[in-house]
Number of protein chains: 2
Amino acid sequence: MQTSTSFGEIVKALREARQLPLREVADALQIDTSMLGKIEKNSRRPSRKLIEKFAAFFGVSEKNLRVAFLSDLVAHQAMDEEDVAGEVLKVAEEKVAYLKNNKKREQ
Amino acid sequence: MQTSTSFGEIVKALREARQLPLREVADALQIDTSMLGKIEKNSRRPSRKLIEKFAAFFGVSEKNLRVAFLSDLVAHQAMDEEDVAGEVLKVAEEKVAYLKNNKKREQ
DNA sequence: CATGGCTTGGACAACTTCAGTCCAAAACTA
DNA sequence: TAGTTTTGGACTGAAGTTGTCCAAGCCATG
């Protein structure tokens, strides 16, 4: 699997590998067929709960799915200012490190 | 200036370095005093237009302010799932590179 | 070509989120 | 104590989102 694969593409690939129609997967996850189709096209976002269901249903790592989903969001947010997207992510990393540190000390 | 400085902290530092009260800066930028106070506390987000005004008013790099602001957003979004925040940013970088590539080819 | 299931996407209502403002209380200064 | 600054609660209107319903398009197979 490529790393630059959107959450929707991953879910679609998993479904097609099992040769299941949207309807069946949607039923299993208790969502609308149309909703699932949109998630696969990245035009609707899965809730965290739904990501868990995907992981359970397809038997894949929930953590990986969460990373795939969140990195989509983050990447697109960074691309809001395309010219500085790379720098934004670099600085964000420093901030994350800083925030994690702070949290530790608060405990 | 530290790199892990929030947008609000930067703005506040700039204002205090000039010894200006919130009111004066707010008037210059044509926003509510309370709004500016909240922006300095990172509890309200500046619009892009406002970021431009900040840069112009304080005579600092607009790009730097945009990076500071967006990286705040991105860092906090990544921290929504603290346990995978680092990985999220790493994958997001790959996705950004990928998206930029795609855009180039489309031209 | 007709019937069936599959996929796609527009329209919509319910809901959530958020910027921006107003106002009053608290904090500070002189 | 008066005047100024800072803080934050409450609120409104605007914008965005979610999840669903429905209809049209698609593509197999009989």
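Order of the sequence lines fixes the chain letters, A, B, ..., with proteins taken first and strands second; residue numbering starts at 1 for each chain.
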Checklist entry - Taking atom P of D:dT5 as reference, at what distance in whole Å does atom CZ of B:Arg15 sit? => result 11 Å
Checklist entry - What parts of residues 36-46 of chain B reach DNA chain D, counting only heavy atoms under 4.0 Å away? => result B:Lys38, B:Lys41, B:Arg44
Item to check | Rounded interatomic separation in angstrom, taking CG from B:Leu22 and C1' from C:dT21 | outcome: 15 Å
Checklist entry - Looking for any heavy atom pair under 4.0 Å, which part of the strands does B:Arg48 touch: base, sugar-phosphate only, or nothing? => result nothing
Next on the checklist: Between A:Glu52 and A:Lys49, does any NZ, NE, NH1 or NH2 come within less than 4.0 Å of an OD or OE carboxylate oxygen?
Outcome noted: yes
Checklist entry - Quick one: are A:Leu70 and B:Val91 in side-chain contact, heavy atoms under 4.5 Å? => result no
Checklist entry - How is A:Ser47 classified with respect to the nucleic acid when contacts are heavy atoms under 4.0 Å: base, sugar-phosphate, or nothing? => result nothing
Checklist entry - Any side-chain heavy atom of B:Phe58 within less than 4.5 Å of one from B:Arg15? => result yes
Checklist entry - In residues 63-74 of chain B, which ones come under 4.0 Å of DNA chain D, going by heavy atoms? => result none
Item to check | Interatomic distance, B:Lys49 NZ vs C:dA19 P [rounded to whole Å] | outcome: 18 Å
Item to check | side-chain N/O B:Arg23 vs D:dG3 OP1/OP2, d < 4.0 Å | outcome: no
Checklist entry - Less than 4.0 Å between a side-chain N and a carboxylate O, is that true for B:Lys63 and A:Glu81? => result no
Item to check | Pairwise side-chain contact, A:Ile10 with A:Phe69, heavy-atom cut-off 4.5 Å (strictly under) | outcome: no
Next on the checklist: I need the CG-P distance between B:Asp32 and D:dG9, as an integer number of Å.
Outcome noted: 16 Å
Item to check | Proximal nucleotide (of C:dT21, C:dT7, D:dT6) relative to the B:Pro21 side chain | outcome: D:dT6
Next on the checklist: Tell me whether A:Arg66 is salt-bridged to B:Glu87, with the criterion being a basic N under 4.0 Å from an acidic carboxylate O.
Outcome noted: no
Checklist entry - Can you tell me if B:Ser6 and B:Asp72 form a side-chain donor-acceptor pair at under 3.5 Å? => result no
Next on the checklist: Please evaluate residues A:Lys53 and A:Leu50 with respect to the criterion side chain to side chain contact (heavy atoms under 4.5 Å, CB included), reporting the C-alpha separation (whole Å), side-chain torsions for both, the decisive distance (0.1 Å), and the verdict.
Outcome noted: CA-CA 5 Å; A:Lys53 286 187 181 178; A:Leu50 197 50; 4.2 Å; yes
Item to check | Length of the CE-C1' vector between B:Met35 and D:dT7, whole Å | outcome: 15 Å
Checklist outcome for this item: B:Asp27 atom CG is separated from D:dT4 atom C1', nearest whole Å, by 14 Å
Item to check | Length of the line joining A:Gln19:CD and C:dT7:P, which is rounded to integer Å | outcome: 12 Å
Next on the checklist: Is the shortest side-chain heavy-atom distance between A:Glu40 and A:Leu22 below 4.5 Å?
Outcome noted: yes
Checklist entry - Can you find a donor-acceptor N/O pair under 3.5 angstrom joining the side chain of A:Ser34 to the base of D:dC21? => result yes
Checklist entry - Between D:dT18 atom C1' and A:Leu50 atom CG, what is the distance in whole Å? => result 12 Å
